[in-house]
Amino acid sequence: MCVEARSHLGACVREQSTIYGIAFVLGLLSQTTNSIADPAIMGPGSVTCGKFAADYRQNPDQVDSLFFTWAQGFMSGFNITETTGTYRDMAAVPIDAQKKFILNYCNQNPSLEYAKAVMELYHYKLPLKKTAPASSR
């Protein structure tokens with residue numbers, strides 16, 4: 001029997017599927033390994049591309065959501081800490097194309113970390129732009 005609850009937005013959430021989703025994500029994260037003694041990257045970015053691609057084949061929607069959310073935060077972090085008066089236009093490349101780039105990169109480079117695929121996307125696919133002067137923001 002599945003208990004339904006209403007969120008503050010009125011969307012129906014199925015308790016059972018939520019529990020399964022949380023268990024799936026925790027399972028993914030518990031299997032992450034990093035060959036670096038003092039990891040500079042934590043979470044989904046530290047997973048190998050091979051692990052990401054294998055998990056993606058098993059459950060593409062949940063894996064894609066978890067990993068790409070991490071990727072967007074990672075790239076956004078780079079953008080907001082940029083001190084050279086430039087930034088990467090993350091909206092210039094459609095989201096589906098960004099996801100496809102990462103998946104293709106990971107399929108071709110299974111031993112590299114997922115974060116490396118995201119860095120490749122960030123540095124080589126997203127166009128560099130000048131930061132607008134503060135008075136025009």
Side-chain angles (χ1 to χ4, degrees):
M1 181 166 110
C2 182
V3 178
E4 292 188 1
R6 296 260 174 209
S7 74
H8 67 281
L9 298 175
C12 183
V13 179
R14 290 189 162 272
E15 183 179 298
Q16 190 174 24
S17 64
T18 301
I19 291 170
Y20 290 145
I22 291 169
F24 177 77
V25 169
L26 290 175
L28 281 176
L29 293 178
S30 69
Q31 296 176 17
T32 63
T33 58
N34 194 328
S35 60
I36 302 171
D38 291 322
I41 298 171
M42 298 291 289
S46 66
V47 173
T48 65
C49 274
K51 174 80 172 119
F52 161 73
D55 288 346
Y56 180 88
R57 286 187 293 276
Q58 294 288 319
N59 195 337
D61 291 336
Q62 284 190 314
V63 171
D64 194 41
S65 177
L66 171 68
F67 279 76
F68 196 70
T69 297
W70 182 92
Q72 287 181 314
F74 189 63
M75 292 185 293
S76 295
F78 273 99
N79 257 351
I80 65 171
T81 60
E82 185 58 57
T83 60
T84 62
T86 61
Y87 70 99
R88 297 286 170 175
D89 184 356
M90 292 174 52
V93 176
I95 296 294
D96 286 343
Q98 292 181 37
K99 291 177 179 182
K100 185 175 181 178
F101 175 88
I102 291 171
L103 183 59
N104 289 340
Y105 185 91
C106 281
N107 282 329
Q108 294 171 5
N109 301 281
S111 64
L112 297 179
E113 290 178 336
Y114 180 82
K116 176 69 173 156
V118 176
M119 292 303 299
E120 290 291 313
L121 168 66
Y122 181 82
H123 286 294
Y124 300 111
K125 296 297 179 186
L126 302 180
L128 191 62
K129 300 260 182 136
K130 292 280 185 192
T131 302
S135 62
S136 66
R137 287 187 205 167

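Just so you know, residue 1 is the first one in the sequence shown, and it goes up from there.
- Under a 3.5 Å cut-off, the side chain of Ser65 and the backbone N or O of Asp61 do not form any donor-acceptor pair.
- Under a 3.5 Å cut-off, the side chain of Gln98 and the backbone N or O of Leu121 do not form any donor-acceptor pair.
- Atom NZ of Lys51 and atom SG of Cys49 lie 13.0 Å apart (nearest 0.5 Å).
- Arg57 is listed as a side-chain neighbour of Asn107, based on a closest heavy-atom distance under 4.5 Å.
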How far apart are the C-alpha atoms of Asn79 and Met90, what are their side-chain angles, what is the distance that settles it, and do they pass the side chain to side chain contact (heavy atoms under 4.5 Å, CB included) test? CA-CA 9 Å; Asn79 257 351; Met90 292 174 52; 3.7 Å; yes
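- Of the inter-residue distances, the one linking Glu120 atom CD with Cys106 atom SG reads 10.5 Å to the nearest 0.5 angstrom.
- Ring orientation note: the planes of Phe78 and His123 are nearly perpendicular, at an angle over 60° on the 30°/60° scale.
- The distance from the CZ atom of Phe52 to the OH atom of Tyr105 is 13.0 Å, given to the nearest 0.5 Å.
- Side-chain atoms of Val118 and Met75, non-hydrogen and from C-beta on, do get closer than 4.5 Å to each other.
- For the pair Lys99 and Phe68, the distance from NZ or CZ to the six-membered ring centre is under 6.0 Å and the angle to the ring normal is within 45 degrees.
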Output, in order, the C-alpha distance, side-chain angles, deciding distance and verdict of side chain to side chain contact (heavy atoms under 4.5 Å, CB included) for Phe67 and Val47. CA-CA 10 Å; Phe67 279 76; Val47 173; 4.0 Å; yes
Test side chain to side chain contact (heavy atoms under 4.5 Å, CB included) applied to Glu113 and Thr48, step by step: CA-CA 4 Å; Glu113 290 178 336; Thr48 65; 5.5 Å; no
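- Here the side chains of Thr86 and Glu82 are in contact, with some heavy-atom distance below 4.5 Å.
- Between the side chain of Asp64 and the main chain of Pro60, no donor-acceptor pair closer than 3.5 Å is present.
- In this structure, the side chains of Ile41 and Tyr114 stay at 4.5 Å or more apart for every pair of heavy atoms.
- Going from atom CG of Leu128 over to atom OG1 of Thr84 covers 7.0 Å, rounded to the nearest 0.5 Å.
- Residues Tyr87 and Ile80 fail the side-chain proximity criterion, which asks for heavy atoms closer than 4.5 Å.
- Ring geometry for Phe74 versus Trp70: interplanar angle under 30°, hence parallel rather than tilted (30 to 60°).
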